[in-house]
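First comes the structure, then the notes that go with it.
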Number of protein chains: 4
Amino acid sequence: MSRFSSPQDPLFQALNSSVAYDYRLAPYDLEQSSAHARMLARANVLSAEELAEIERGLSTIREEIDSDSFVVAPDDEDIHMAIERRLIELVGALGGKLHTARSRNDQVATDVAMFVRAHSLSAIELVHDLMATLVDLAERHHDWAMPGYTHLQRAQPVYLSHHLLAYFWKLRRDADRFRQAMTAAGELPLGSGALAGVTFETDREGLARELAFARVSANSIDAVSNRDFVLDYLAAAATCATHLSQLGAEVVLWSSEEFGFCQLPDSFASGSSIMPQKKNPDAAELLRAKAPRVLGHLAALHGVLHGLPLAYNKDLQEDKEHLFDAVDTIELSLRVARELLRGLSFDRERMADKAADEFLAATDVADVLVRRGVPFREAHGLVASLVRRAVESGRTLSELSQAEVAELAPQLSEDGLGELLASGAFIESKVSEGGTALARVEEQLEHARTALREAKP
Amino acid sequence: MSRFSSPQDPLFQALNSSVAYDYRLAPYDLEQSSAHARMLARANVLSAEELAEIERGLSTIREEIDSDSFVVAPDDEDIHMAIERRLIELVGALGGKLHTARSRNDQVATDVAMFVRAHSLSAIELVHDLMATLVDLAERHHDWAMPGYTHLQRAQPVYLSHHLLAYFWKLRRDADRFRQAMTAAGELPLGSGALAGVTFETDREGLARELAFARVSANSIDAVSNRDFVLDYLAAAATCATHLSQLGAEVVLWSSEEFGFCQLPDSFASGSSIMPQKKNPDAAELLRAKAPRVLGHLAALHGVLHGLPLAYNKDLQEDKEHLFDAVDTIELSLRVARELLRGLSFDRERMADKAADEFLAATDVADVLVRRGVPFREAHGLVASLVRRAVESGRTLSELSQAEVAELAPQLSEDGLGELLASGAFIESKVSEGGTALARVEEQLEHARTALREAKP
Amino acid sequence: MSRFSSPQDPLFQALNSSVAYDYRLAPYDLEQSSAHARMLARANVLSAEELAEIERGLSTIREEIDSDSFVVAPDDEDIHMAIERRLIELVGALGGKLHTARSRNDQVATDVAMFVRAHSLSAIELVHDLMATLVDLAERHHDWAMPGYTHLQRAQPVYLSHHLLAYFWKLRRDADRFRQAMTAAGELPLGSGALAGVTFETDREGLARELAFARVSANSIDAVSNRDFVLDYLAAAATCATHLSQLGAEVVLWSSEEFGFCQLPDSFASGSSIMPQKKNPDAAELLRAKAPRVLGHLAALHGVLHGLPLAYNKDLQEDKEHLFDAVDTIELSLRVARELLRGLSFDRERMADKAADEFLAATDVADVLVRRGVPFREAHGLVASLVRRAVESGRTLSELSQAEVAELAPQLSEDGLGELLASGAFIESKVSEGGTALARVEEQLEHARTALREAKP
Amino acid sequence: MSRFSSPQDPLFQALNSSVAYDYRLAPYDLEQSSAHARMLARANVLSAEELAEIERGLSTIREEIDSDSFVVAPDDEDIHMAIERRLIELVGALGGKLHTARSRNDQVATDVAMFVRAHSLSAIELVHDLMATLVDLAERHHDWAMPGYTHLQRAQPVYLSHHLLAYFWKLRRDADRFRQAMTAAGELPLGSGALAGVTFETDREGLARELAFARVSANSIDAVSNRDFVLDYLAAAATCATHLSQLGAEVVLWSSEEFGFCQLPDSFASGSSIMPQKKNPDAAELLRAKAPRVLGHLAALHGVLHGLPLAYNKDLQEDKEHLFDAVDTIELSLRVARELLRGLSFDRERMADKAADEFLAATDVADVLVRRGVPFREAHGLVASLVRRAVESGRTLSELSQAEVAELAPQLSEDGLGELLASGAFIESKVSEGGTALARVEEQLEHARTALREAKP
């Protein structure tokens with residue numbers, strides 16, 4: 001019996017019903033309900049027999065869910081109501097006792113928090129796998145030279161290992177962010193009732209322990225209105241997706257004919273419907289294209305929360321689809337990124353060839369001048385004049401004559417640029433901590449391996 | 001036979017495959033393919049018999065789609081490939097001729113344009129229905145007074161009809177925007193091939209006519225990279241959703257106990273899982289909560305397109321889910337808004353009571369002074385001093401004594417504020433064009449009815 | 001005299017005051033105020049002498065604004081109050097009459113509409129200039145071959161003119177969008193008062209004519225709450241910025257050493273603080289980076305409007321900074337894009353060399369088979385096997401032996417691939433309307449020149 | 001001397017130059033440069049005399065900046081170049097030595113990290129102040145009853161203290177987020193050079209210590225491309241702004257005539273330009289309206305980073321304006337929120353009156369039935385039928401006759417609803433941990449005071 005005199009309009013139901021998507025909260029809802037029932041039994045709201053009956057019912061439902069035989073009824077507004085309805089079918093009116101001292105408002109917040117915790121952990125594991133893959137790749141290519149770019153212009157040579165490890169550290173920060181989301185979701189809302197608490201002295205600490213929450217929420221109004229942990233997850237996922245978009249963009253670039261730095265595995269490439277020669281980096285492009293999607297979800301949830309008065313409002317139901325799609329997107333993206341990277345084969349010769357571009361030594365030439373006492377800013381100008389002469393006459397730096405060097409940068413005239421421009425010299429010169437000199441990369445790899453062990457989820 | 005030596009990785013397929021969602025383009029794809037086949041026949045690429053065979057095959061597929069008996073194969077990357085694969089099953093190798101002079105790049109752009117055109121039209125129709133509902137409601141409540149608000153503070157009284165019609169004009173602009181999206185999608189990409197055109201002199205004008213496109217695209221590279229029309233649709237939908245969010249927010253406000261301006265129909269209200277007395281405006285709240293979702297899709301697609309080089313990139317596949325969900329969201333929202341409004345019952349007395357608040361006449365009092373020669377800014381100050389006196393002593397304006405009025409605003413002392421403050425006088429004073437005086441509202445209703453007829457989709 | 005007993009808190013003023021940025025509305029506010037004063041005179045609210053005095057005062061203020069000698073007072077909350085305050089200083093209490101029959105709510109909406117109209121026009125002009133630049137460039141490079149890309153993999157050869165003109169059509173649609181924003185801003189809010197209309201029968205049609213609005217708003221509540229035209233402008237600007245981000249990204253790519261398709265003018269390039277050889281495409285990178293900024297403004301304004309009840313709310317003040325920065329960003333970006341393009345120099349030989357890549361002819365080879373009766377899908381497979389053989393053995397297509405061709409694609413054995421693979425043959429084969437064959441590009445250029453003339457702002 | 005033969009185009013400079021806004025990084029740049037100079041001296045790149053000279057020059061510049069007498073030259077592209085240029089003016093060519101072993105790429109990343117650290121700390125302090133204000137307010141109103149809302153419908157009574165403390169816990173999480181941003185910005189980029197490290201063995205650990213960074217970056221390519229800490233700050237600020245938007249929205253609602261729960265201080269209210277009676281909550285509205293702005297900046301920076309290849313790209317310059325405006329917005333908003341709250345005066349009687357609404361006891365009535373053995377779901381139905389009877393006949397629950405109660409809910413017939421519905425009984429019934437019963441609120445206040453002490457920045 002409800003207080004309403006007419007049934008819900010089907011259009012309203014179409015908008016209002018969430019069971020089509022919150023169905024995936026079922027495992028969390030069942031786990032929560034079991035713990036809640038045990039708590040009610042400890043509080044003498046349920047007898048031992050009643051508890052056993054309810055646990056039996058919930059267990060049957062869990063089997064139905066697991067075997068995909070659970071049937072959603074047309075009037076089941078959400079998974080919580082579907083489960084309660086089914087429980088009453090299975091154990092009779094007794095099933096109606098389960099909702100004692102609980103409201104959907106704290107119930108759903110608890111389910112979502114459990115979901116966020118579980119998927120933060122999945123994300124951490126997947127990020128960890130990708131980090132491990134990057135370390136492997138870096139080890140296998142630790143001394144492969146390639147041009148480093150700024151502004152997509154060749155800047156200075158680096159080792160491929162060094163470039164790949166840059167992503168390692170980005171991902172490590174991503175893992176930290178997912179960990180923070182997991183911590184944020186570690187506060188139990190259950191027991192907050194509709195908004196004000198409940199009329200029973202419930203054992204919330206016990207519930208938290210059973211459901212592996214680190215603590216209970218301190219304020220019932222905050223608890224039912226709080227979706228910060230979803231924002232935290234989405235922010236972590238958005239930043240991670242942005243990193244993957246950069247990685248994807250680089251794979252697209254590197255596998256172009258113009259760069260030619262790497263070949264995609266056939267198993268991660270697509271053909272064209274019309275051009276028989278094509279081998280397209282669709283996977284890498286999609287890694288790039290997914291970042292705005294995840295960001296869109298974060299922005300949308302902020303929008304939903306904007307200007308909402310306390311405590312619970314139905315608007316909060318819009319948290320779920322944004323969260324679920326973000327989870328699916330980032331988890332699949334992380335898996336694909338890992339396998340895609342594992343399958344890449346790099347072209348050592350081609351990269352080395354481009355890394356040997358003498359112009360990439362210009363900073364080093366300036367630094368030689370610095371060591372001879374020329375202020376850096378001045379040294380920079382002298383080398384720029386050498387570069388300009390070379391470029392204008394279509395030559396490399398070492399093709400400039402002794403006389404030209406003497407004219408433009410007398411401090412260099414003595415030994416010319418010879419040794420420095422000999423292949424390899426200027427890549428090994430970046431000896432500062434965190435730099436690309438091999439010894440530093442080895443040090444960094446060691447550092448990364450330690451970080452990987454420590455970050456083991 | 002492909003140029004690849006290993007099959008696609010299942011993880012890659014999970015990311016890459018779009019058939020799960022682009023399946024809904026099937027009707028457009030089939031219509032397009034029929035027209036394309038007829039064009040190929042006119043160009044003598046297909047014989048009459050071949051055309052007949054292909055049309056028969058396509059028609060069988062259409063029936064399979066309509067009856068939900070079409071079976072997607074595991075390797076069907078998208079709906080286009082699924083249909084071609086099925087066609088070849090049905091008519092043999094001949095089916096492979098259909099892709100002559102066509103690439104998936106122009107094919108998918110054409111499908112999406114057809115989809116945008118069809119759903120722009122749906123949106124226009126639904127917006128039109130909602131506009132008609134607003135006119136009906138305004139007619140039925142044309143002389144019901146209510147307080148008008150600025151800053152959510154009572155400002156001046158208005159008629160409910162006038163307030164409701166404000167949404168009419170917002171929606172009318174929304175219809176214009178959907179119309180512009182429809183126009184933008186009226187350019188045929190088909191015939192642009194992969195990016196450069198095709199090697200056959202195809203009859204694109206004829207194709208455009210058959211498929212009801214207004215014109216053909218002028219540049220093949222633009223045609224396969226262009227998703228502007230999707231942005232246009234999403235921008236129209238986002239603005240429309242923002243308008244509905246305002247309408248939803250007002251219904252939430254008005255149906256609160258504090259405002260009490262209207263009652264929701266039971267058929268568009270929800271109860272609470274725990275509080276038996278609750279009658280919650282979930283429909284209105286969800287209208288409010290959906291706007292950020294639609295906006296999220298617009299922002300995401302902009303993000304996808306950001307910095308993409310020409311011509312086609314796989315990133316463009318990310319147009320579809322954003323578009324589809326936005327379409328479903330706005331169409332359902334418009335339907336719900338219409339039915340929700342139809343079901344509202346307003347509380348005439350309660351609104352009138354609040355509209356009679358004398359402070360709402362303050363501007364009119366100032367205007368009386370203006371007509372007696374006091375500059376408006378000064379008049380404003382004089383009335384403010386009357387208001388302050390009243391507020392500080394907990395009285396209404398008409399409870400101020402003659403002496404007080406004479407002291408604070410001598411120009412009013414003669415006749416006091418009497419007549420003006422008599423109920424109704426100051427709502428009818430807003431006689432300017434577009435104002436709330438009844439005659440103006442009648443004029444506006446007439447104007448709205450005309451607009452409605454003209455905007456008939 | 002206000003109704004308040006204490007002055008505004010400085011912190012509140014810091015948040016509330018908008019004069020620091022809405023100052024730039026001054027010219028529109030003055031123009032509006034003059035027209036409003038003349039209307040008041042026609043309505044006999046102002047005498048001819050009073051009008052003259054007020055016009056004199058406004059004219060003095062305009063001079064002060066123009067010469068940057070206008071002094072904003074600490075308590076001037078916004079430019080409207082600043083101007084009224086100054087007017088009263090200049091012409092005495094009479095200045096206080098100007099606000100008769102007007103509220104800041106309709107006044108500011110009118111100013112913003114005028115601003116949007118003016119800057120939509122600027123944008124159209126700048127877009128037009130950029131379109132003209134693209135036509136010039138396309139004419140100068142009409143028969144320069146380059147590889148066309150899909151998925152950033154070489155796909156089919158195109159002419160540079162054809163590629164550049166793709167942007168022409170994108171921009172043409174941008175011009176349409178700015179035109180729609182201009183139309184949307186063509187509805188006069190003035191005369192709507194605070195929200196309900198005013199107590200004077202004002203001549204709004206006359207005002208609209210004087211201020212060059214196409215029509216008057218039909219509903220006062222809509223008029224003061226409406227910011228749709230700002231959304232329209234921002235949506236147009238966001239799409240245009242997204243197009244420019246693609247153009248910028250391509251210039252970055254093309255000016256990389258790996259592509260080497262073009263050289264930046266020195267006047268649009270940056271050096272490095274440390275690497276003397278660098279010539280960085282900062283301008284192109286910033287064109288790319290500005291799109292998210294403009295989109296951010298659009299998203300933010302939608303957010304501001306989300307769930308706002310009617311009529312005016314202070315939140316609407318947040319329209320201005322988003323609008324102003326978007327205007328400045330897109331106008332500067334359009335100017336820079338034009339000059340940057342004008343200064344690019346392309347490397348004909350390098351592009352032609354890459355366009356001659358035989359694999360780019362694969363579709364044409366398949367089409368040859370089609371003309372010999374092989375269904376396209378089958379032809380595609382045959383050519384794919386040729387490509388695979390070539391790729392696996394590190395050869396080009398024409399290096400395959402007669403025997404190999406006969407084995408893999410017997411239908412081609414007769415004449416091999418000779419003529420087709422001869423340079424140039426396969427770029428000229430794309431003869432469909434809108435395709436890249438020279439005759440089609442000439443046709444397109446003619447079409448573009450006409451469009452340019454017609455779109456003359 | 002540069003490698004370029006022509007000067008930068010003024011349009012390019014207008015787009016490219018950042019000195020107008022990155023000027024505010026000057027203090028950080030100077031602090032960094034001093035530390036860098038001392039490090040160069042330790043590394044023998046600078047002599048003691050040279051160091052002294054450079055420190056003298058930097059100190060002069062600091063004074064010029066502080067006294068606003070520093071003059072930016074037309075060609076100063078950014079604050080870093082402006083300071084170097086000025087240094088060379090002050091100390092001669094020697095100034096050119098400062099850029100040894102440093103690039104603008106690591107320099108600017110370091111400045112921005114320092115800025116983020118400083119402003120994360122400011123935000124934490126301001127959040128802390130606001131939390132303290134909430135505790136004060138809650139203490140002063142700890143036993144003031146008010147209706148609690150869900151779906152903006154009255155749900156159950158709560159204490160104002162409990163409602164206010166809900167914001168306390170939201171803000172406490174905000175402080176955590178700003179702390180995480182501060183940690184994220186605690187990694188020193190300096191020493192990473194342009195992207196590959198530098199040719200000097202620089203003492204980065206020493207630099208980190210001097211500049212109060214917790215550690216040095218592990219990978220130079222990551223260091224110059226990393227803006228994660230800006231994203232972290234912006235995500236923290238966006239969530240905090242969203243919380244403030246909810247607080248602002250509630251103040252708007254509560255200060256409406258319909259709610260009438262609180263009065264704004266005159267010092268935080270605005271009048272109307274036309275309606276003398278108005279007292280508008282502009283401050284609260286602007287708190288609401290600022291959230292989308294901060295979110296817009298977060299979304300924009302994600303957009304900027306989307307798909308960017310490593311290492312440094314000019315696009316990264318777009319980090320600054322987004323960051324700076326977000327900082328200014330959130331810091332001002334936090335200050336205003338604090339003062340606004342301090343100034344609110346609540347209407348105890350009005351809130352209590354509405355909290356006494358008997359329907360708010362419906363859940364408690366159901367819970368009475370539960371204690372008598374009725375399953376909750378059934379009890380909910382019985383009470384719903386009582387509510388329905390009351391609503392349909394325009395009565396309160398206690399106005400139902402004994403007979404009616406006996407008919408609809410026989411279990412209640414004995415003692416009716418009397419005691420329970422006696423004022424106050426049902427607000428004190430929410431005794432669960434975190435609930436609104438007074439004892440629980442006192443407990444919570446104690447908890448909050450502890451949290452406040454611990455969170456002391």
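The figures that follow rest on heavy atoms only: side chains count, while hydrogens, waters and symmetry mates do not. Chain naming here is simple, since letters A, B, ... match the order of the sequence lines and numbering starts at 1 in each.
Interface residue I88(D): only side-chain heavy atoms are found under 4.5 Å from chain A. Heavy atoms closer than 4.5 Å to chain A are found in both the backbone and the side chain of R288(D). Contact annotation for T199(D): both backbone and side-chain heavy atoms come within less than 4.5 Å of a heavy atom of chain A. Of the two parts of V252(A), neither the backbone nor the side chain holds a non-hydrogen atom closer than 4.5 Å to a non-hydrogen atom of chain D. Neither the backbone nor the side chain of R389(A) has a heavy atom closer than 4.5 Å to any heavy atom of chain D. In this structure, chain A has no heavy atom under 4.5 Å from any part of E285(D). Heavy atoms closer than 4.5 Å to chain D are found nowhere in D203(A), neither backbone nor side chain. Looking at D232(D), the atoms closer than 4.5 Å to chain A (heavy atoms on both sides) all sit in the side chain, from C-beta outward.
Counting heavy-atom pairs under 4.5 Å between each of G148(D), S432(D), G435(D), A249(D) and chain A puts S432(D) at the top. Annotation: maximal heavy-atom pairing with chain D below 4.5 Å, among A184(A), A166(A), G191(A), occurs at A166(A). The most heavy-atom pairs under 4.5 Å with chain A, out of D367(D), D228(D), L195(D), come from D228(D). Between chain D and the options A379(A), A238(A), A448(A), the largest number of non-hydrogen pairs under 4.5 Å is found for A238(A). With chain A as the partner, the residue from V387(D), L98(D), L295(D), V224(D) showing the most heavy-atom pairs under 4.5 Å is L295(D). Note on T202(D), V158(D), T239(D): by heavy-atom pairs under 4.5 Å with chain A, the leading option is T239(D). Here S220(A) is the residue among S220(A), A223(A), G303(A), A235(A) with the most heavy-atom pairs under 4.5 Å with chain D. Heavy-atom pairs under 4.5 Å with chain D peak, among R173(A), Q444(A), K97(A), at R173(A). The residue among N226(D), L231(D), V370(D) with the most heavy atom pairs within less than 4.5 Å of chain A is N226(D). Most heavy-atom pairs under 4.5 Å with chain A: of the set T436(D), I221(D), N313(D), this distinction falls to I221(D). Considering only heavy-atom pairs separated by less than 4.5 Å from chain D, the leading option among Q153(A), E50(A), R371(A), K314(A) is R371(A). Of all the listed residues (G434(A), A291(A), A451(A)), the one sharing the greatest number of non-hydrogen pairs under 4.5 Å with chain D is G434(A).
In this structure, CG on L298(A) lies 6.0 Å from CG on L298(D), to the nearest 0.5 angstrom. The distance from atom OG of S225(A) to atom OH of Y167(D), rounded to the nearest 0.5 Å, is 7.5 Å. For the atom pair CG (N105(A)) and NE2 (H151(D)), the distance works out to 6.0 Å, reported to the nearest 0.5 Å. Separation of atoms OG1 (T100(A)) and CZ (F376(D)) is listed at 7.0 Å; rounding is to 0.5 Å. Atom CD of Q180(D) is separated from atom CG of D176(A) by 9.0 Å, given to the nearest 0.5 angstrom. With values rounded to the nearest 0.5 angstrom, H243(A) atom NE2 is found 11.0 Å from L308(D) atom CG.
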Checklist entry - Between K430(D) and V198(A), is a side chain to side chain contact (heavy atoms under 4.5 Å, CB included) present by the stated rule, with each step listed? => result CA-CA 5 Å; K430(D) 307 302 177 305; V198(A) 297; 5.6 Å; no
Checklist entry - What's the verdict on side chain to side chain donor-acceptor pair (under 3.5 Å) for H306(D) and S245(A), showing C-alpha distance, side-chain angles and the deciding distance? => result CA-CA 6 Å; H306(D) 166 246; S245(A) 83; 4.7 Å; no
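Across all their heavy atoms, T242(A) and L305(D) have their closest contact at CG2-CB, 3.6 Å. What you find for L152(D) and P309(A) is that their closest heavy atoms are CD1-CG, 4.0 Å. Across all their heavy atoms, R204(D) and E433(A) have their closest contact at NH1-O, 2.8 Å. The shortest heavy-atom contact between R388(A) and S5(D) is NH2-CB, 3.3 Å. Across all non-hydrogen atoms, the minimal contact from G197(A) to Q156(D) is O-OE1, 4.2 Å.
Q246(A) contributes no side-chain N or O that, together with a main-chain N or O of L310(D), makes up a donor-acceptor pair within less than 3.5 Å.
Checked options H162(A), H163(A), K170(A); the residue passing with D222(D) is K170(A) (criterion: side-chain hydrogen bond (donor to acceptor under 3.5 Å, both in side chains)).
With sequence neighbours excluded, the residues forming a salt bridge (charged side-chain N to carboxylate O under 4.0 Å, His left out) with R440(A) are E443(A), E201(D), listed by chain and number.
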